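Take a look at the structure below.
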Amino acid sequence: MKKNLRKWNVVLVVLFLMMPFVFSMGASAASGDGADEDAAWKKYNGKRIGVLTGTLMEDAAKTYFPDSEYLYYNSYPDCNAALLAGKIDAYLGDEPGLKTIHAEKPEIDYIRDRITNQDYAFAFRKDNERSATLCKELNEFLKKIRSDGTLQEMDNIWMGIDEEKKVVDMSDLTGENGTIRVITTSTDMPWSYIKDGKNVGYDIDLVVRFCRDRGYALELGDVDFSARIPAIQSGKYDFTTDMNVTPEREEEVLFSDPTSTGGIVLAVPAEDISASEQGDSSVSEPEYHTFEELNGRTISMLTGAPFEELISSKVSKVKEFTYFQSMPDMMLAVKSGKSDAGFMNNAVAELAANREKELAIFPESLGETAFGLGFAKGDKRRDAWQEAYDKIPKETKDALWKKWTGADDSIKTIPKQDWPGANGTVSVAACDALEPMSYVGQNGELLGLDVETILLIAKELDVHVDFAPMDFSAVLSSLGSGKADIICGSIVVTDERKETMDFVEYLPASYVLIVRTAKEDTAEVSFLDGIKSSFEKTFIREERYKMFLSGILTTILITVLSILFGTILGFLAYMCCRNGNKAANIISGFLVWLIQGMPVVVLLMILYYIIFAKAQISGTVVAVISFTLVFSSGVFGMLKSGVGAIDRGQMEAALALGYGDVRAFFRIILPQAVPHFLPAYKGEVVALIKATAIVGYIAVQDLTKMGDIIRGRTYEAFFPLIAVAVIYFILGGLLTFLVGRIEIRINPKRRKRDDILKGVRTSD
């Protein structure tokens with residue numbers, strides 16, 4: 001027993017001595033594969049990071065950007081659009097793909113320091129003889145083309161910029177040894193994408209060369225990245241194109257030898273790339289540099305701001321002073337050219353320059369002053385508040401300034417008043433539209449540097465604060481009227497204001513002008529030219545309009561067949577239940593409840609990946625089956641409500657006239673019920689055609705999927721999205737029109753008496 005205790009003591013001592021080493025190793029791993037602690041991408045921790053759903057990027061984001069807000073997207077085009085729109089600050093991507101994106105879209109670049117180093121490989125189904133055989137054959141082929149230089153040649157083609165070489169010829173695939181089915185994502189440049197209406201890319205080229213070498217024919221499927229592994233696990237496809245090799249994925253799939261290597265990097269706006277890698281913030285070049293250049297220009301300010309004399313002392317020949325009720329309106333006027341400069345304090349200007357790349361701070365100051373919290377003249381509380389503010393550490397004050405004048409809105413929150421408030425409550429009148437000092441946020445909460453500063457002081461003094469947001473002009477008058485104890489909202493201290501109130505001076509301030517950024521030396525592209533270029537890239541180049549046409553045909557096919565079969569199925573189900581058959585009603589009621597209660601996309605994937613997993617039927621057929629079930633459940637409900645609206649006496653009268661049950665239903669009841677449910681039927685038709693936009697989840701290249709593919713190729717969001725929206729609108733209108741014509745044709749009021757009484761014996 002003692003020997004065992006001594007052994008455990010030795011083990012524990014050894015483990016204790018090893019703990020510092022283990023922790024240091026863990027810290028090294030968390031720092032990003034041993035990357036330099038000053039790597040530029042690390043400065044994005046805490047910012048908004050875009051992440052591709054279902055990829056290795058999700059784990060990388062949590063590991064290397066633990067303090068960030070993550071926004072999830074399904075494709076690189078979506079990430080690109082979000083980055084350029086300012087919805088995210090950066091996104092994670094594979095280095096080879098981002099090289100191509102940068103070549104196609106220079107506005108997007110990436111930080112060259114890799115976050116991780118990664119192998120890329122094809123993934124096969126585990127525990128399957130055919131998959132294992134194919135994987136072995138592919139590994140032999142990779143070894144061959146790696147040794148003879150073919151793989152390097154492919155790398156030069158697809159990672160290069162010569163578009164003429166980027167072609168894949170599948171016409172000579174013999175198929176003598178059968179067909180292999182490969183799943184891919186056709187928006188994943190340079191690995192797999194659509195060009196000239198054909199599948200191309202590094203992965204596609206590699207697969208085609210493999211098929212040619214081994215005598216296979218090739219069938220390609222297309223899904224979002226997150227659906228690739230389920231597609232091969234279900235057995236519908238033999239393997240998937242390149243993905244990152246990770247231990248977690250190795251538990252799920254069988255990987256080939258690496259087809260290429262690279263790593264995860266961080267994509268950022270190109271204008272930030274230099275600053276990011278140098279660890280510095282970018283500074284926009286202003287359009288004007290001296291006061292003389294502002295002569296003859298229009299200068300704006302907020303209504304009620306008495307600074308015309310100050311401006312005129314620097315700019316002798318102001319063309320015109322213009323006034324605005326809010327700071328955003330004034331900055332919009334400067335951006336649009338309606339004004340040439342806007343007068344404001346340095347805090348507001350710094351936020352504007354950080355957030356709006358079209359704006360810059362005029363380099364010369366109009367004067368120095370301080371920001372202040374206003375108290376009524378002679379208010380004794382002012383001294384206590386000034387003393388409490390002076391106790392706040394400088395580091396805290398600097399952090400507050402950086403927080404509220406920066407462009408990252410995700411960190412701009414206000415602390416809760418969780419202190420007792422034993423010394424009472426003060427009322428504060430705060431401006432509601434002077435960001436970043438005092439403004440109302442999207443959720444209606446008052447935010448800003450002034451607001452948080454007041455709360456820090458209030459906590460020190462143990463008082464509660466009752467904020468009242470209002471216009472700037474009302475803030476100043478509320479103090480004199482006694483409605484507020486304190487006023488705030490980007491108020492600068494002036495000699496004139498000191499005559500009527502006392503101030504807690506809390507930060508140095510300066511009067512500045514905001515102006516437009518300098519125009520580039522390159523010729524400016526007009527709005528019309530930009531539209532023309534976008535149109536040409538979306539529709540004309542590489543004959544991409546044909547892709548839209550193909551997508552339209554697929555969408556129409558799925559929609560029309562689903563309406564036809566769904567109407568028939570729903571009608572048959574209703575006929576089975578019409579006379580109250582208990583079993584039929586229970587079964588049909590349960591199925592309708594199940595189908596209508598399930599999201600259509602879930603139903604679609606259950607049918608494709610589970611129910612029909614082993615059946616070799618196309619995604620289009622599965623889509624038709626899925627939407628037939630959805631539409632039939634709607635038709636069933638519409639028939640029940642429509643027929644239920646017809647008085648029972650109609651059926652009794654028909655039977656009394658000698659009709660049979662079925663003939664009475666079709667001749668008398670149904671024609672009267674149709675007008676009751678046909679408006680709802682038209683609505684279901686429009687809803688159905690819009691619902692088909694999700695069929696891309698199961699490798700169907702419909703209209704929406706084609707729009708996504710074109711966006712991935714052109715990096716243009718406007719025309720692809722607008723075109724898809726307009727086409728859906730037109731298709732919905734056409735189908736509604738057709739149903740409307742049918743409604744008119746079968747209107748009972750338009751039927752002739754002889755048609756209604758046809759087959760009925762009548763006496764003259």
Side-chain angles (χ1 to χ4, degrees), residues 302 304-307 345-348 367-401 403-404 414-440 445-511:
L302 290 180
F307 296 106
N345 62 59
N346 57 308
V348 178
E368 304 299 324
T369 181
F371 291 107
L373 307 176
F375 287 75
K377 195 72 175 177
D379 191 330
K380 296 181 180 179
R381 290 174 293 187
R382 179 263 169 203
D383 293 339
W385 278 67
Q386 183 71 65
E387 183 179 347
Y389 174 77
D390 292 340
K391 291 180 180 178
I392 298 174
K394 183 179 183 302
E395 294 78 11
T396 303
K397 297 174 184 176
D398 292 342
L400 285 180
W401 178 268
K403 169 183 175 180
W404 291 103
I414 292 296
K416 294 182 179 180
Q417 298 189 47
D418 54 0
W419 50 92
N423 294 323
T425 301
V426 296
S427 59
V428 177
C431 182
D432 58 5
L434 272 174
E435 193 176 5
M437 309 305 281
S438 174
Y439 64 100
V440 174
E445 183 183 16
L446 194 66
L447 305 173
L449 175 61
D450 284 2
V451 176
E452 188 164 2
T453 299
I454 287 174
L455 290 175
L456 286 175
I457 300 172
K459 184 175 183 179
E460 177 69 23
L461 298 175
D462 198 14
V463 297
H464 279 163
V465 183
D466 183 13
F467 289 103
M470 59 188 70
D471 290 338
F472 182 77
S473 56
V475 167
L476 297 174
S477 60
S478 64
L479 188 63
S481 64
K483 293 182 179 180
D485 300 312
I486 307 171
I487 61 172
C488 72
S490 197
I491 300 174
V492 292
V493 179
T494 66
D495 292 336
E496 184 179 0
R497 287 172 177 167
K498 282 183 177 181
E499 294 175 2
T500 58
M501 65 185 76
D502 293 330
F503 289 96
V504 169
E505 298 185 11
Y506 63 94
L507 278 176
S510 59
Y511 300 120

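Just so we're clear, the structure is a prediction, and the values are computed from it rather than from any experiment.
- Side chains of I454 and V428 form a contact here, defined as non-hydrogen atoms less than 4.5 Å apart.
- For the pair E460/L456, no side-chain contact is recorded, criterion being any heavy-atom separation below 4.5 Å from C-beta on.
- Remark: side-chain polar atoms of N423 are paired, donor with acceptor, to backbone N or O of L461 under 3.5 angstrom.
- Salt-bridge annotation for D502 and K377: present, with a side-chain N of the basic residue lying under 4.0 Å from a carboxylate O of the acidic one.
- Salt bridge status for D418 with K416: absent, with no side-chain N to carboxylate O gap under 4.0 Å.
- Two residues are said to be in side-chain contact when any heavy atoms from C-beta on lie closer than 4.5 Å; L400 and T453 meet this criterion.
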Could you walk me through whether V492 and F371 pass the side-chain contact (heavy atoms from CB on, under 4.5 Å) check?
CA-CA 5 Å; V492 292; F371 291 107; 4.0 Å; yes

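- Using bins of under 30°, 30° to 60° and over 60° for the plane-to-plane angle, the ring pair F375/W385 lands in the perpendicular bin.
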Could you go step by step and tell me if S438 and D450 meet the side-chain hydrogen bond (donor to acceptor under 3.5 Å, both in side chains) rule?
CA-CA 6 Å; S438 174; D450 284 2; 5.7 Å; no

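- Heavy atoms only, all atoms of each residue included: I457 and A388 are closest at CG2-CB, 3.7 Å.
- Using a 4.5 Å cut-off on side-chain heavy atoms (C-beta onward), K459 and L455 make no contact.
- Electrostatic pairing of E452 and K403 counts as a salt bridge here, judged by a charged N lying under 4.0 Å from a carboxylate O.
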Apply the test side-chain contact (heavy atoms from CB on, under 4.5 Å) to residues V426 and R381: give CA-CA distance (whole Å), side-chain angles for both, the deciding distance (0.1 Å), then the verdict.
CA-CA 10 Å; V426 296; R381 290 174 293 187; 3.9 Å; yes

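- Counting heavy atoms from C-beta on, the side chains of W419 and H464 come closer than 4.5 Å.
- For the pair F503 and M501, the minimum side-chain heavy-atom distance is below 4.5 Å.
- The shortest side-chain heavy-atom distance between L373 and I487 does not fall under the 4.5 Å cut-off.
- A cation-pi contact, defined as under 6.0 Å to the ring centre and within 45° of the axis, is absent between K397 and Y506.
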